[in-house]
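These notes are about the structure you will find just below.
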Amino acid sequence: MNFSQIPGQKETIFRLIRSVREERVSHAQLFSGPEGCGSLALALAYARYVSCENRTDHDSCGVCKSCVKYEKMIHPDLHFVFPVIKNKKDSEPVSDSFIEEWREFVKRSPFFTLNNWLDSIEVGNAQGMIFATEASEIIKKLNLKTFESDFKIMIIWLPEKMHQATANKLLKMIEEPPEKTLFLLVSDEPDKVIPTILSRCQLIKIPGFSNNEIRNYLVSRFNAEENKAAEIAKVSNGNIIRAVELFENEDSSLQNLDNFKRLMRFAWKRDVISIIGWSEEMASTGREAQKSFILYSLRLLRENLMLSLGQLRNRLVFLAGDEVSFSDNFHPYINQNNIYHLTDEFNLAHSHVEANGNAKIIFLDLALKVTRLIR
Ligand SMILES: [Zn+2]
């Protein structure tokens, strides 16, 4: 990953490059921004730029020995720490237990969520964690001499998922870093990183992508049709992961809208038989589809509230295609009296699905709550 492969974020890239050229590279930096802002991609491109033997004013060279190894993510001075899951033989594995899978996954696309990553290494309900066992691994790696570069670089993806003991060890390393060591922390939720670490890092705050950047990315990378790409860019709100998901799951979007419409219709009519049927249908889809439906519903509720509050459609309301005609009729039912309760119920259902609860009960319960709240 080099800077030119990142479809936007020019200002952040400019600042990062300048810090290297002016030799102001801070030894601990925290890359952070909203989900889907490309923070990991930026950290990867930055690490490569710092290590490049022949960098230009704009990017790493792409051909030197360092760049070639960075491309494959096998540079001996580049280390990764990221959440992993417990497996049968290792009770608490370290990141390197999954390094092959990690390299393959990141190479496919550097834009992904924790759940995307965990789902790629195990199907099921595993919780990702940077375990206590990682602490000694970090110390071991950073006490090595550099092999080929001026810097040893450790990229820590999602330090908020770090076991307390590991975080404490890391803190010591950041306070008194071994020579020529660079820590690049990449966080989605910096407020969950322990404050003592946070306060010792230089913060690289990253905004979401712009609509144009997302539209161009969908067109160039996925051959999306211009209008479709623009519509998706508008609803994805700067989140490139969401944009790609929307593009790839256009069918599931239609399915989600249909399920949402039916739920609301049955709820309004207090048609309990249909509600039970609907819940059973929802329960028979997979966990990912269920979560996708709930997140979709939360977005639709929010946008309908905006319509109810009289917001101009093109300014604040992010609706596409069939959602527009449905919402024209539906929005009067969503208002300030029920939106908080509705949102709470959908969020609750989401956390129950994540925790592998009984889906039939979760969706029946949700549907009955909606029945009460929608009148
Ligand atoms: Zn190079």
Side-chain angles (χ1 to χ4, degrees), residues 1-33 37-82 95-96 98-112 138 141-157 173-174 177-187 201-206 209 213 216-217 220-221 240:
M1 172 72 22
N2 56 18
F3 286 127
S4 69
Q5 289 168 303
I6 297 170
Q9 303 294 14
K10 295 293 171 234
E11 217 169 287
T12 307
I13 292 171
F14 177 77
R15 276 189 289 134
L16 290 170
I17 288 178
R18 198 174 56 189
S19 76
V20 177
R21 301 203 70 79
E22 295 176 357
E23 298 186 355
R24 290 183 295 103
V25 174
S26 162
H27 82 281
Q29 307 185 30
L30 183 98
F31 289 62
S32 156
C37 71
S39 46
L40 177 64
L42 283 161
L44 283 162
Y46 181 61
R48 173 161 154 178
Y49 187 70
V50 167
S51 306
C52 176
E53 292 158 14
N54 201 12
R55 56 179 166 256
T56 70
D57 285 353
H58 311 287
D59 216 332
S60 39
C61 75
V63 291
C64 72
K65 206 170 68 190
S66 169
C67 281
V68 169
K69 291 189 176 169
Y70 257 88
E71 187 64 29
K72 297 181 189 155
M73 299 202 300
I74 53 167
H75 197 292
D77 297 316
L78 170 68
H79 305 285
F80 287 104
V81 173
F82 45 81
S95 304
D96 272 1
F98 290 90
I99 192 70
E100 290 299 326
E101 291 92 334
W102 172 256
R103 286 183 187 128
E104 285 312 307
F105 194 71
V106 176
K107 267 187 267 173
R108 229 172 295 147
S109 163
F111 309 119
F112 52 84
I138 293 176
K141 284 175 175 172
L142 295 183
N143 281 328
L144 295 171
K145 281 204 177 335
T146 56
F147 289 98
E148 294 171 9
S149 297
D150 293 342
F151 283 100
K152 275 170 290 190
I153 301 183
M154 178 164 276
I155 295 181
I156 302 176
W157 184 56
M173 298 297 269
I174 292 179
E179 237 186 310
K180 297 282 184 189
T181 299
L182 191 54
F183 292 96
L184 303 180
L185 282 62
V186 181
S187 171
C201 289
Q202 186 191 17
L203 185 64
I204 311 290
K205 229 174 163 344
I206 305 162
F209 284 95
E213 288 166 352
N216 294 340
Y217 179 68
S220 62
R221 168 93 196 240
I240 202 162

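Basis for what follows: all heavy atoms, side chains included, without hydrogens, waters or symmetry-related copies. In listed order, ligands and their atoms are each counted from 1. All values derive from a computational prediction rather than experimental measurement.
Relative ring orientation between Trp157 and Trp102 is described as tilted, the plane-to-plane angle lying within the 30° to 60° band.
Distances shorter than 2.8 Å separate the Zn ion (ligand 1) from the protein N/O/S atoms Cys52 SG, Cys61 SG, Cys64 SG, Cys67 SG.
The backbone N or O of Glu101 sits nowhere less than 3.5 Å from a side-chain atom of Glu104 that would complete a donor-acceptor pair. Put simply, the side chain of Glu71 never gets that close to the backbone of Gly62: no donor and acceptor are under 3.5 Å apart.
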Practice prompt. Report the C-alpha separation of Lys180 and Asp77 in whole Å, then their side-chain angles, then the decisive distance to 0.1 Å, and conclude whether the salt bridge (Lys or Arg N to Asp or Glu O under 4.0 Å) test is met.
Written response: CA-CA 11 Å; Lys180 297 282 184 189; Asp77 297 316; over 6 Å; no
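In this structure, a donor-acceptor pair under 3.5 Å is absent between the side chains of Ser60 and Tyr70.
Between Tyr217 and Phe111, the ring center distance clears the sub-6.0 Å criterion.
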